[in-house]
Amino acid sequence: QVQLVESGGGLVQAGGSLRLSCAASGRTFSSYAMGWFRQAPGKEREFVAAINWSGGSTYSTDSVKGRFTISRDNAKNTVYLQMNSLKPEDTAVYYCAGRGNSGLGTREAQYDYWGQGTQVTVSS
């Protein structure tokens, strides 16, 4: 069993930056691929970025490429999402997710564990 706790959300002006963190419990964190998803008001949850078990492979959705960076520190059981050049359309609840498979996943159904989410609000 893996528990995930996100932090780092908040209110920021357009063009600003935030770094989200997701702390994981469990000794098998380093074998899990991780991902970030988000859900804006009135919309379905969508994929943002994913990272494989070692951090050597990442993938992100087109709308955040060049602005968001996913990374992980297996020694700290933590995955990060660095968000730069934020836009109002990035406003959403951001969720961290883990899958018991070392490879990248872009679909919700591929993930086994979810955090409670952290709110990110970008003002114009």
Side-chain angles (χ1 to χ4, degrees):
Q1 187 76 10
V2 175
Q3 291 186 325
L4 305 174
V5 179
E6 303 97 333
S7 61
L11 174 63
V12 63
Q13 289 188 331
S17 298
L18 283 174
R19 188 177 80 157
L20 304 183
S21 299
C22 173
S25 64
R27 293 174 292 176
T28 58
F29 173 78
S30 61
S31 66
Y32 282 69
M34 302 295 293
W36 286 96
F37 289 75
R38 66 186 180 186
Q39 186 168 21
K43 296 187 177 181
E44 294 186 351
R45 190 155 56 184
E46 64 174 357
F47 168 78
V48 176
I51 190 166
N52 75 334
W53 70 275
S54 68
S57 182
T58 64
Y59 182 77
S60 58
T61 193
D62 286 346
S63 62
V64 307
K65 282 181 180 177
R67 301 189 299 122
F68 292 11
T69 302
I70 188 171
S71 62
R72 67 190 296 161
D73 185 338
N74 286 344
K76 296 183 178 180
N77 278 16
T78 302
V79 63
Y80 305 98
L81 185 68
Q82 178 66 45
M83 305 186 295
N84 299 327
S85 302
L86 282 161
K87 304 175 181 180
E89 51 263 44
D90 294 318
T91 294
V93 177
Y94 283 71
Y95 296 90
C96 172
R99 62 192 300 244
N101 183 297
S102 59
L104 297 176
T106 62
R107 295 181 288 111
E108 288 187 57
Q110 294 175 300
Y111 288 84
D112 305 299
Y113 305 103
W114 292 85
Q116 82 289 349
T118 186
Q119 177 70 46
V120 171
T121 302
V122 185
S123 63
S124 57

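All of these numbers come straight from a predicted model, not from anything done at the bench.
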### Query
Taking only residues two or more places apart in sequence, or in another chain, which ones meet K87 in a side-chain hydrogen bond (donor to acceptor under 3.5 Å, both in side chains)?
none
### Query
Hydrophobic clusters join Ile, Leu, Val, Met, Phe, Trp and Tyr when side-chain heavy atoms are under 4.5 Å apart, directly or via other members; which others share one with V93?
F37, F47, Y59, Y95, L104, Y111, W114
## Note on the structure
Rounded to the nearest 0.5 Å, the CG atom of N101 sits from the CG atom of D112 at a distance of 8.5 Å
### Task
For L4 and G98, work out which heavy atoms get closest and say how close.
CD1-N, 3.7 Å
### Query
Closest heavy-atom contact between G9 and V120?
CA-CG2, 4.1 Å
### Task
Check salt bridge (charged side-chain N to carboxylate O under 4.0 Å, His left out) between R99 and all other residues, then give those that pass, not counting sequence neighbours.
none
### Message
Quick one: does any side-chain atom of E6 pair with a main-chain N or O of G117 as donor and acceptor, under 3.5 Å?
### Response
yes
### Query
Is there a path from Y80 to V64 through hydrophobic residues (I, L, V, M, F, W, Y) whose side chains come within less than 4.5 Å of each other?
no
### Message
Could you measure the distance from the CD atom of E46 to the CD atom of Q39? Nearest 0.5 Å is fine.
### Response
9.5 Å
### Summary
Heavy-atom closest pair (S17 atom, S85 atom, distance to 0.1 Å) is OG-N, 4.3 Å
### Task
State yes or no: do W53 and Y32 share one hydrophobic cluster built from I, L, V, M, F, W and Y residues joined by side-chain heavy-atom distances below 4.5 Å, directly or via other members?
no
### Query
How many angstroms lie between atom SG of C22 and atom CG of N77, to the nearest 0.5 angstrom?
10.0 Å
### Query
side chain to side chain contact (heavy atoms under 4.5 Å, CB included) between R67 and M83: does it pass, once the steps are laid out?
CA-CA 6 Å; R67 301 189 299 122; M83 305 186 295; over 6 Å; no
### Message
Could you go through R38 and T91, starting from their C-alpha distance and side-chain angles, then the distance that decides it, and tell me whether this counts as side chain to side chain contact (heavy atoms under 4.5 Å, CB included)?
### Response
CA-CA 9 Å; R38 66 186 180 186; T91 294; over 6 Å; no
### Message
Counting neighbours of NZ on K76 that are heavy atoms of other residues, nucleotides or ligands and sit closer than 6.0 Å, is the number greater than 12?
### Response
no
### Message
Within a 6.0 Å radius of atom CD on Q3, are there more than 12 heavy atoms belonging to other residues, nucleotides or ligands?
### Response
no
### Query
How close do C96 and V79 get, heavy atom to heavy atom, and via which atoms?
SG-CG1, 3.8 Å
### Message
Please say yes or no: joined through hydrophobic side-chain contacts below 4.5 Å, possibly via intermediate residues, are V122 and L81 part of one cluster?
### Response
yes
### F68 and its side chain to side chain contact (heavy atoms under 4.5 Å, CB included) partner, picked from L20, L18, L86
L86
### Task
State, to 0.1 Å, how close A50 and I70 come at their nearest heavy-atom pair, and which atoms those are.
O-CG2, 3.5 Å
### Query
Shortest non-hydrogen contact from A23 to T78?
CA-OG1, 4.2 Å
### Query
On the ring face of F29, is R72 found with NZ or CZ under 6.0 Å from the centre and within 45° of the axis?
yes
## Note on the structure
d(M34 CE, S71 OG) to nearest 0.5 Å is 11.5 Å
